[in-house]
Amino acid sequence: MFISRRNISLSKPYPALAILAALLLSACSSGSSEPAEETGPVTTECTEASPCEMENMGEMGETEEDVVNLPPIIRPAIPADQREPLGFDNAYVYQSTSFYREVLRDCYIADLENACDLDTLPFIGMSAFNPSVDSIMARTIVTHDWMGLRFSQFLARLPEEALEFFKPVTVIYIGSDIIFNSFDATQGKLEIAGDGLWLTFGEKSTAFFTVEPTGTGTDTEPAPTARDSLQFRVAGRLMQDDLWLSSKGFQDEREFEDIFPFFAYSIYRNAAFAFDRLGVPSSSNTALSETPFDVFARSDFPLLDGMVNNPAFTNTASGLFR
């Protein structure tokens, strides 16, 4: 199957999220074409070797370079040692060949006083001028194999321009112990909840902690969340045309199309906040001796003032504070 990825023009501040994954169907046919008139030219049927498909693409304003063949959505078997929710103690760098494999975990858990400088772990935009799925996955820590695979499948289906939002990120952590997606601008950390990525019952059973042990007994109670102390809840909905979209979170099986709009919206608003907050870090405007917090401290607009003065920021509030 060929997937057409079109460039999207994104303008600041905070354009609406536009994610195109249009299926390109060949107009070629073999036997269903209407017969040509006796006096007209002979109709040539399209074959695999004919330029018919390329002509149809040209009419749509697309070129051969715009068409990519995406891998199918895979639902992998879960290893025996990963068939339960896991926390950061069990996390590992997803990409075994990552250049930053030895420092990612330490930099993620470091506090501000011991934060890694940009020479040790630079922003993605400092090591990759045009971020790719591979360069983003090289910064990703996971608790389960399927979480890393699903995240890579998601990235592969984003418009290339949307990957630019990952430039101010240093490390990404996806785990069962993350409650909701959030970006920590002071350290360049993007945290992703596994609950937004599962497709099968097996994945769902490992995606999040439902109970937390109390003491040494067998009694359990619901794990506390950062939202428990809040007096209000955010209500909203996502729609496509006139249809309400549902993530089917209360079911045990779902399709990739069910999670894509919701996960894309959450990642977009957090990554876009990072991009707008820190800009595009590069070796020309950032010293390697600095930490992400140094860049954060001298960025253009203060966090709270920016949220008050720019209404678009109010949509990201639930993902900023834990």
Side-chain angles (χ1 to χ4, degrees), residues 87-89 91-143 147-148 151-152 154-155 158 161-175 177-194 266-303 306 316 319-322:
F88 186 78
D89 289 344
Y92 58 95
V93 178
Y94 181 74
Q95 194 181 89
S96 61
T97 58
S98 171
F99 181 78
Y100 303 99
R101 179 180 177 84
E102 300 300 324
V103 301
L104 278 178
R105 279 178 51 90
D106 290 339
C107 290
Y108 173 79
I109 63 176
D111 55 25
L112 289 179
E113 294 183 359
N114 301 292
C116 294
D117 59 31
L118 297 175
D119 188 29
T120 302
L121 185 63
F123 293 112
I124 291 178
M126 296 177 66
S127 59
F129 182 76
N130 292 312
S132 63
V133 174
D134 186 68
S135 62
I136 295 172
M137 293 306 301
R139 305 297 191 94
T140 303
I141 303 171
V142 299
T143 56
M147 293 183 185
F151 184 52
S152 68
F154 165 78
L155 292 175
L158 284 180
E161 193 173 3
L163 300 182
E164 299 286 312
F165 288 134
F166 289 87
K167 284 187 173 182
V169 175
T170 59
V171 58
I172 301 166
Y173 172 52
I174 311 174
D177 52 346
I178 300 300
I179 301 170
F180 52 87
N181 304 338
S182 65
F183 175 72
D184 184 350
T186 64
Q187 294 183 280
K189 300 190 303 186
L190 180 61
E191 296 180 333
I192 298 176
S266 178
I267 292 299
Y268 168 78
R269 68 179 187 180
N270 283 285
F273 169 78
F275 188 84
D276 200 86
R277 186 67 179 86
L278 300 178
V280 184
S282 67
S283 56
S284 62
N285 61 21
T286 306
L288 294 179
S289 60
E290 291 185 301
T291 67
F293 179 77
D294 295 328
V295 180
F296 172 86
R298 61 179 172 79
S299 57
D300 288 339
F301 41 120
L303 178 63
T316 71
L320 298 181
F321 302 103
R322 289 168 286 176

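By the neighbour-count criterion of 12 heavy atoms within 6.0 Å, atom CZ of F99 is sparsely surrounded, having that number or fewer from other residues, nucleotides or ligands.
For the atom pair D184 CG and F296 CZ, the distance stands at 8.0 Å (nearest 0.5 Å). Expressed to the nearest 0.5 Å, how far CZ of F166 lies from CG of N270 amounts to 9.5 Å. If you take CG on L121 and CE on M126, they are separated by 10.0 Å, rounding to the nearest 0.5 Å. The line from CD1 of I124 to CZ of F129 is 15.0 Å long, rounded to the nearest 0.5 Å. Atom OH of Y100 is separated from atom OG of S135 by 10.0 Å, given to the nearest 0.5 angstrom. Annotation: the span from F293 atom CZ to D117 atom CG amounts to 15.5 Å, rounded to 0.5 Å.
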- Could you go step by step and tell me if L158 and Y268 meet the side chain to side chain contact (heavy atoms under 4.5 Å, CB included) rule? CA-CA 10 Å; L158 284 180; Y268 168 78; over 6 Å; no
- Message: As a quick check of understanding, evaluate side chain to side chain contact (heavy atoms under 4.5 Å, CB included) for I109 and Y173, giving each step before the final call.
- Response: CA-CA 10 Å; I109 63 176; Y173 172 52; over 6 Å; no
- Run the numbers on I178 and I192 for side chain to side chain contact (heavy atoms under 4.5 Å, CB included), then give the verdict. CA-CA 6 Å; I178 300 300; I192 298 176; 5.8 Å; no
- Item | Test log, rule side chain to side chain contact (heavy atoms under 4.5 Å, CB included), inputs V171 and L190 | CA-CA 6 Å; V171 58; L190 180 61; over 6 Å; no
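Nearest heavy-atom pair, L118 versus T286, reported as atom, atom and distance to 0.1 Å: CD1-CG2, 3.0 Å. Scanning all heavy atoms of the two residues, the minimum distance from G188 to P292 falls at N-CB, 4.0 Å. Annotation for T143 and A91: closest pair CG2-CB, 4.0 Å, computed over non-hydrogen atoms. Contact detail for A110 and A115: the closest heavy-atom pair is CB-CA, 4.2 Å. Closest of all the heavy-atom pairs between T140 and L104 is N-CD1, 4.3 Å.
Judged by distance alone, with hydrogens and angles left aside, the side-chain atoms of D294 form a donor-acceptor pair with the main-chain N or O of T291 at under 3.5 Å. Under a 3.5 Å cut-off, the side chain of D177 and the backbone N or O of F88 do form a donor-acceptor pair. Judged purely by atom type and a 3.5 angstrom limit, K189 has no side-chain atom pairing as donor or acceptor with the backbone of C107.
Here the options are D111, T170, L112, the test is side-chain contact (heavy atoms from CB on, under 4.5 Å), and the partner is Q187; only L112 passes. Checking R105, Q95, M147 one by one against I141, the side-chain contact (heavy atoms from CB on, under 4.5 Å) holds for a single residue, R105. With V93 as reference, R101 is the one residue of R139, R101, M137, E102 to meet the side-chain contact (heavy atoms from CB on, under 4.5 Å) rule.
Counted by atom type alone, S266 and N181 present one or more donor-acceptor pairs between their side chains at under 3.5 Å. Under 3.5 Å, the side chains of Y108 and E191 contain a donor-acceptor pair of N or O atoms. With hydrogens and angles left out, the side-chain atoms of S132 and D134 include no donor and acceptor closer than 3.5 Å.
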